[in-house]
Structures are given as structure tokens and as C-alpha cells.
Protein chains: 2
Amino acid sequence: MSLSLQRPSEVEPPKRQAILDAATELFTAHGYGAVSMDAIARAANVSKATLYAHFRSKDELFATIIREACQSNLAAREFLPQEDGDVRAALTRLAGRMLRFLLEDRSLAIHRVVIAESVRFPELGRAFFESGPLMFSAAFGAWLTEQTEAGRLSVADPAQAADQFAGMLKCGCYTRAALGVSPAPSEAEIDHTVSGAVETFLKAYAATASQD
Amino acid sequence: MSLSLQRPSEVEPPKRQAILDAATELFTAHGYGAVSMDAIARAANVSKATLYAHFRSKDELFATIIREACQSNLAAREFLPQEDGDVRAALTRLAGRMLRFLLEDRSLAIHRVVIAESVRFPELGRAFFESGPLMFSAAFGAWLTEQTEAGRLSVADPAQAADQFAGMLKCGCYTRAALGVSPAPSEAEIDHTVSGAVETFLKAYAATASQD
DNA sequence: GTCTATAGAAGGATAGAC
DNA sequence: GTCTATCCTTCTATAGAC
């Protein structure tokens, strides 16, 4: 369940998969330091020796899991809608899907653990950044360039505009959720954040805006 | 040094202060799990027994430090400038000070450790949220309301607008820095982020904007 | 309050049988 | 590859002398 890599069972030995699943669950839920190799072995129904037969160390197991989670989880989503005609509708759908994705327990957990361990595992911070924020910035920035060329928007710095849009989405309820502050964001709150970000973005980057 | 509480030495025993300083340094640099009570005692030049004479447990020591750091560090700053006349200048100064504060090693370290341990110590996530994002949102939102009443801006939802402004500041180089991705943000990059956020904010919330 | 010394538990990692 | 059993280190926390 959860973050398992969907490989055919011939290629991925079942025990190894069980280890990955159990470790993913535990690491994302409790962080690196709070999870012992004993606990992982217990949760995966294998012995510790089997665990060490597949992964040389706790560090390697952790890095493997987080790296895979970054790639498979973030890259697989399609965040760019096709409705090129209606910019507002396109932005709203994009923002709604993205904020709801970011607020999923799994996304929050990965974000937390990567932030926490980015000092000890710098390559994980980089992997997360490239497969997450950077990939979004590039893809959404390219879309903004297209819209600008088509005369539907007026964006001079697409990468910055993309970052700003993402930032406005993550500002309110996401920050609260990332810090574990209750209550969890309601659907109404999410929609409010989305529409607010879209309206602000459109006012600032509308093609029909008055030229200064 | 660093986050020491500036109390008179009569009230705060010197050994206790040494413990707090050493523990603050270590916890913020390496996180909760990676720091042992031995290491803290060594760094503070006290024995472990002395350490436990002042703090009942590692949890209590950690919680005390992070709680104090949130309050003293964030609340002490004045983020609202006085130049009410020139909104652009006021926003630029506010944004510059805030982003540079967030990018300080100390701020990043506290943010990291609070995010990481907010699951195990929910009260710390709340303390950080209230003394950081929430306090900013309230203070800056109030200022936006004043500016709107004075006819210099047109902000219908001050809390949301404040969050959006903060979000646009944290979008680009801050996200990278929080994940430990090199290179560290340059001054030019910071200024670019600041001016971009200010311009986008002003276009969206200018009092002279065309009414829809 | 402060120290030295240590108890008692849990952690990461491995040896050797199968 | 997989298991049981174990080694050695490190950890939190405390006992007892001063």
C-alpha cells in the first residue's frame, strides 16, 4: 500500500517490497531518528538479518525510500490542464489539484521528513527540490509563456510568476497543516485559498491590465 | 551567544544558562534525535547529573528551548515600517527585512526542527505557528486595513492578502534554502524576489485598479 | 548543586545455521 | 535468502559521594 513501487513481482522480490512498504510507512510517519531497524523488521515481518541483506545500512534504506517517493509521487501527477481558452478555469483547476495534493497526509509527511533530514542528507533535499518545486516552476512557467504569447496573459518573468502562484497557494492553510496545527483545513478553506490566489494572480498578470 | 535568554544572572543560574545555550545550538543544528544528553553536557561543560537536576528529561529540555526560541526570536522583531505615505517603499522594506530574517541560519534551523518534531510535540508546532505566521498575518493584515481605509490600497480580505504576500516571499529562494539546496541565495536574488512580490501585490491590490 | 560512576534499555549491525 | 541469537555501542536516566 501507500508508496510501493509498482514493479512486477519477478523483478522486485516480495520481502524487499515488504521492507520498502513498512519502512516508508514508518519513516514518513515518525521521521528518521524515531524509527529503529527493529521496528521496520517487525512491521515487515522479516528478520533484521534479511533487512540488512537487502540494504547495507539504515541510511541507505532511508535514502532509497525518500528518493523514490520524490520521483514517483510528484512527477507522476499532471498539473497542467488542457483548457487553453479559459485561463481562469485552467488556473483554478490547477491550483485546486495542487493544493489538495500538497495537503495529503503522504505529501505532508514526505515534506516534513525531507526538510528535517536535508542537513544530514543533502542529496535528498536536492532531489525533493528538483522533482517538486523546480519541476512545477519549469512546467507552469512554460505554460505561462505560451499564454503570454497567445495574448491571454502578460507575464514577463515566468519562473518568478510560477513561484509566486505556488507561494500564494501554500501560504495559509498549508503552512498550518505542515506544522500540524489543528483543525485540518476544510474544503471551504481550500477553495477560498485557491480562488484568492487565482484572482490575485489574474489581476497582476492579466493581458488587459493597464500599462504603467 | 545565539538564543540565550537575556535574564539577570541572579535569576538564571549560570550552569542552567550554559545548558540552555549548548542545547539550543545543538538541537537547532542537528535536530532532536541526533543530539544526545551526553553531547549537551559536554558542550555545556557540566555533568549529565547536573543537566538532569535542571531539566527532568530530554523532552522537557527540548520543548523549553524551542518554545523560548519561537517567542523571543520572532516576536521581538518589528516588521511594520512607519512610512504610511509611500506604500511601495513600506512594502519593500518590510519584505526585505522579513525575507532576510527568514533566511538567517537560525530561523531556518528553528523552522526545520519545529516542522520535523511537530508530530511528536504538537504544542511546538502551534507555538511556532502562533508566534510566526499567525502573528505576521494579524499585524500585517491590520496595517493593510489601515491603508485601505486611508484610500491607499484596496484590500477586501486582509488576512488572506497578508498570507499571499508572505507566500510570494517564501516561494523561490526561501524554499531552496529550507531544503538546503546550494547555492545559498544571493543578495540580488533576494532583492529580485522582494521587488517581484511587491509589484505583484501592488498590481492586485492597488486602490487605483480598474473595478470589475 | 555538582560531580563520578553506573544501571538498564535500546539501538545498529553481524555470525553462523539452514 | 532467510532465520535465530548475539555483539558492541550508545542512549536516557539515576545513585551516591562531596
Side-chain angles (χ1 to χ4, degrees), chain A residues 4-5 7-67 113 116-117 119-121 124, chain B residues 4-5 7-67 113 116-117 119-121 124:
Chain A
S4 58
L5 320 175
R7 299 274 190 72
S9 53
E10 311 160 340
V11 186
E12 196 73 49
K15 295 266 180 183
R16 184 187 166 93
Q17 189 60 57
I19 292 169
L20 284 172
D21 288 348
T24 301
E25 182 77 17
L26 290 171
F27 277 139
T28 54
H30 305 109
Y32 177 85
V35 173
S36 70
M37 294 296 259
D38 278 281
I40 295 171
R42 232 181 353 256
N45 277 317
V46 296
S47 71
K48 259 200 296 186
T50 302
L51 208 162
Y52 278 96
H54 287 281
F55 302 94
R56 241 171 309 182
S57 68
K58 184 182 175 184
D59 282 17
E60 185 184 292
L61 175 57
F62 178 72
T64 300
I65 281 173
I66 301 300
R67 214 179 302 120
V113 76
E117 303 301 333
V119 178
R120 210 203 306 223
F121 301 89
L124 294 187
Chain B
S4 59
L5 319 175
R7 298 275 192 71
S9 53
E10 310 161 341
V11 187
E12 197 71 53
K15 295 267 180 183
R16 184 187 166 93
Q17 189 60 57
I19 293 169
L20 284 172
D21 288 348
T24 301
E25 183 78 17
L26 290 171
F27 277 139
T28 54
H30 305 110
Y32 177 86
V35 174
S36 69
M37 294 296 257
D38 277 281
I40 296 171
R42 226 174 6 248
N45 276 317
V46 296
S47 70
K48 262 196 297 185
T50 303
L51 208 162
Y52 279 96
H54 287 279
F55 301 94
R56 243 170 306 181
S57 67
K58 185 182 176 183
D59 281 18
E60 185 184 294
L61 175 56
F62 178 73
T64 300
I65 282 174
I66 301 300
R67 213 180 301 122
V113 76
E117 303 301 334
V119 178
R120 209 201 310 219
F121 301 90
L124 294 186

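Order of the sequence lines sets the chain letters (A, B, ...), proteins ahead of strands, with each chain counted from 1.
Taking atom CZ on F62(A) and atom P on dG12(C), their separation rounds to 13 Å, with Å as the unit. Rounded to whole Å, atom P of dT14(C) lies 15 Å from atom CZ of F55(A). The CG atom of N45(A) sits 13 Å away from the C1' atom of dT2(D) (whole-angstrom rounding). Here the P atom of nucleotide dA10(C) and the CD1 atom of I40(A) are 17 Å apart, to the nearest Å. Note: CZ (R42(A)) to C1' (dT4(D)) measures 16 Å, nearest angstrom.
Nearest heavy atom pair, residue F55(A) against residue L20(A), reads CZ-CD2, 3.7 Å. Between A23(A) and L61(A) the shortest heavy-atom distance is CB-CD2, 4.0 Å. Heavy atoms only, all atoms of each residue included: I40(B) and L51(B) are closest at CG2-CD1, 3.9 Å.
Within a 6.0 Å radius of NE2 in H30(B), other residues, nucleotides and ligands contribute 12 heavy atoms or fewer.
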Under 3.5 Å, which protein N or O atoms sit close to an N or O of nucleotides 12-14 of chain D? Give each pair with its distance.
from    : atom 1 : to     : atom 2 : distance (Å)
dT12(D) : OP1    : K58(B) : NZ     : 2.9
dT12(D) : OP2    : M37(B) : N      : 2.7
dT12(D) : O4     : K48(B) : NZ     : 3.3
dA13(D) : OP2    : Y52(B) : OH     : 2.9
dA13(D) : OP2    : K58(B) : N      : 3.1
dA13(D) : N6     : K48(B) : NZ     : 2.6

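Phosphate proximity of dT2(D) to T50(A): absent, as no side-chain N or O sits under 4.0 Å from OP1 or OP2.
Under the 30°/60° scheme for interplanar angles, the aromatic rings of F62(B) and F121(B) are found to be tilted.
The CD1 atom of I19(B) sits 8.5 Å away from atom CE of M37(B), with the distance rounded to the nearest 0.5 Å.
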